[in-house]
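Encoded as structure tokens, the structure appears first; notes follow it.
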Amino acid sequence: MYNGRTLVHERTLNKQLLVVFGKKYSQSSKIMAVEDNDSQVVLTHPSNPETSVTILKYGANVISWKNKGTELLWLSEGAKLDGSKPVRGGIPLVFPVFGKQKNESHPTFPLPQHGFARNSTWEFLGQTTANPPTVQFALSPEQVSSESLQLWGKGKYDFTLILTISLEEEKLTTSIEVENPGAEEFEFNWLFHTYFRVPDITDTLVNNLIDQKCFDQLLAEEYVEKSPVVSFHEEFDRVYKKVDTSKIFQIIEFGKVLVNVERVNLPDAVVWNPWIKKSDGMADFLPKTGYLNMVCVEPGHVSDFVTLKKGEKWSGSQVLTVGGEIKVQTNIY
Ligand SMILES: O=P(O)(O)OC[C@H]1O[C@@H](O)[C@H](O)[C@@H](O)[C@@H]1O
């Protein structure tokens with residue numbers, strides 16, 4: 001049987017070590033690489049004060065990633081940052097279910113759309129390295145409301161999620177590790193629901209999805225993507241399934257690569273733009289023309305569940321880099 005007390009003790013110890021380590025660094029470095037205020041953590045790159053990432057403790061949601069002063073993520077002007085609802089923009093975290101589960105017999109069925117990680121306040125564990133500035137956050141049953149826990153297997157599952165965020169000069173890496181310290185095996189989805197900022201969606205392309213199987217959430221149909229590059233002229237909501245992780249998705253505008261999206265152990269990618277009608281129905285989606293300036297490219301494990309038995313761990317990463325050459329990758333069979 002899982003001993004709750006031992007587990008809490010280990011988690012607390014882990015936190016203390018990291019925080020002590022973090023303080024040592026913040027005292028000695030000239031630029032404060034990591035600032036922790038009550039609700040947010042800000043990482044600034046030691047070589048450029050205009051390269052930074054801001055993480056809201058609520059949802060451990062990245063709400064800004066700036067590269068040399070240029071914002072790369074889209075955050076709605078109507079996003080709630082006070083913990084009253086999941087953040088509309090940045091990088092919301094989806095766990096333990098993607099979307100709304102349709103299978104009534106699955107333990108995730110009672111959960112709300114996209115689960116509870118994005119609307120729980122994560123524990124800030126502290127800084128692990130000064131350069132590149134790297135921090136960790138944790139989510140375990142202690143941070144999740146009892147109402148939400150009850151909706152997933154009536155609270156019988158135990159889990160420890162460690163999110164690691166690392167900021168390099170041209171790169172943002174977000175990594176998740178999920179551990180099952182309890183006795184009950186569980187199944188989960190994971191997704192980095194990343195909202196990218198784009199100058200104009202009608203000029204935006206996403207490449208390297210050709211020949212990939214996708215589930216079109218709007219048509220409720222599965223087919224093979226045949227566009228060499230995906231473009232956007234209406235609502236778009238597709239889950240690209242089991243895409244070899246050697247594939248890099250590039251968000252391109254007028255022949256210029258804005259961002260490269262690479263994945264470690266995250267086989268699926270959701271590509272989403274709500275367009276006019278859907279964004280109009282979302283009260284926290286502002287301005288209403290905001291759909292023109294965003295696209296979600298979301299690395300995850302959502303086309304099937306990850307199963308974690310007692311004592312097992314699973315991890316996955318999203319690696320975002322700025323600029324570079326266009327890379328055309330054909331299918332690898
Ligand atoms: O409004 P939410 O719950 O944040 O979801 C936003 C979108 O998230 C995407 O990942 C889904 O594919 C869409 O179907 C969904 O509309």
Side-chain angles (χ1 to χ4, degrees), residues 56 58-63 73-102 108-120 148 151 174 176 188-198 201 204 206 209 212-223 225 230 232 234-243 249 251 261 263 266-288 290-305 316 318 320:
L56 193 68
Y58 177 71
N61 200 306
V62 172
I63 51 170
L73 301 178
W74 184 83
L75 178 68
S76 166
E77 288 172 15
K80 298 279 179 228
L81 304 181
D82 60 359
S84 57
K85 66 180 292 185
V87 176
R88 177 70 60 202
I91 313 181
L93 304 175
V94 170
F95 173 90
V97 68
F98 166 68
K100 185 77 189 90
Q101 174 61 247
K102 293 188 182 71
T108 56
F109 179 73
L111 283 167
Q113 158 124 329
H114 295 339
F116 52 70
R118 65 177 183 166
N119 52 18
S120 303
S148 293
L151 297 176
T174 59
I176 189 70
F188 67 95
N189 292 140
W190 177 265
L191 183 81
F192 290 107
H193 195 308
T194 311
Y195 289 72
F196 294 98
R197 171 174 286 277
V198 296
I201 189 69
T204 302
V206 180
L209 290 162
Q212 300 302 326
K213 212 181 256 183
C214 74
F215 181 73
D216 190 317
Q217 306 229 77
L218 303 172
L219 301 175
E221 251 178 43
E222 190 164 289
Y223 52 83
E225 179 61 71
V230 167
F232 303 88
E234 58 189 340
E235 186 179 353
F236 195 106
D237 193 352
R238 295 181 197 167
V239 182
Y240 291 91
K241 297 163 85 168
K242 303 199 189 323
V243 183
F249 309 131
I251 302 173
V261 181
R263 299 158 295 132
L266 297 174
D268 308 315
V270 181
V271 180
W272 180 62
N273 184 291
W275 217 252
I276 301 165
K277 199 163 158 234
K278 179 123 191 197
S279 54
D280 204 38
M282 294 186 272
D284 61 349
F285 196 103
L286 291 174
K288 285 301 166 200
Y291 74 94
L292 290 167
N293 299 115
M294 53 77 56
V295 64
C296 286
V297 178
E298 315 166 23
H301 196 306
V302 297
S303 65
D304 53 16
F305 285 100
Q318 162 184 260
L320 309 177

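No hydrogens, no waters, no symmetry mates; every other heavy atom, side chains included, goes into these values. One-based numbering, in listed order, for ligands and for the atoms of each.
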Would you check ligand 1 and list the protein residues that come within less than 4.0 Å of it by any heavy atom, ordered by chain and number?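 Contacts of ligand 1 under 4.0 Å: Arg88, Phe98, Gln113, His114, Arg118, His193, Gln217, Asp237, Val270, Trp272, Lys278, Glu298.
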Please round to the nearest 0.5 Å and tell me the distance separating atom CG of Leu292 and atom CD1 of Ile276. 7.5 Å
Pairs meeting criterion salt bridge (Lys or Arg N to Asp or Glu O under 4.0 Å) with involvement of residues 290-304, two or more places apart: Lys242-Asp304
Please enumerate all residues that pass salt bridge (Lys or Arg N to Asp or Glu O under 4.0 Å) together with Lys80, with sequence neighbours excluded. none
Specify whether Phe116 and Phe95 have parallel, tilted or perpendicular ring planes, treating 30° as the upper limit for parallel and 60° as the lower limit for perpendicular. perpendicular
Report the residues that fulfil side-chain hydrogen bond (donor to acceptor under 3.5 Å, both in side chains) with Ser76, sequence neighbours left out, ordered by chain and then residue number.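 For Ser76 there are no side-chain hydrogen bond (donor to acceptor under 3.5 Å, both in side chains) partners, ignoring immediate neighbours.
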For Phe236, is the NZ or CZ atom of Arg238 found under 6.0 angstrom from the centre of its six-membered ring and inside 45 degrees of the ring axis?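 Arg238 over Phe236 ring: yes.
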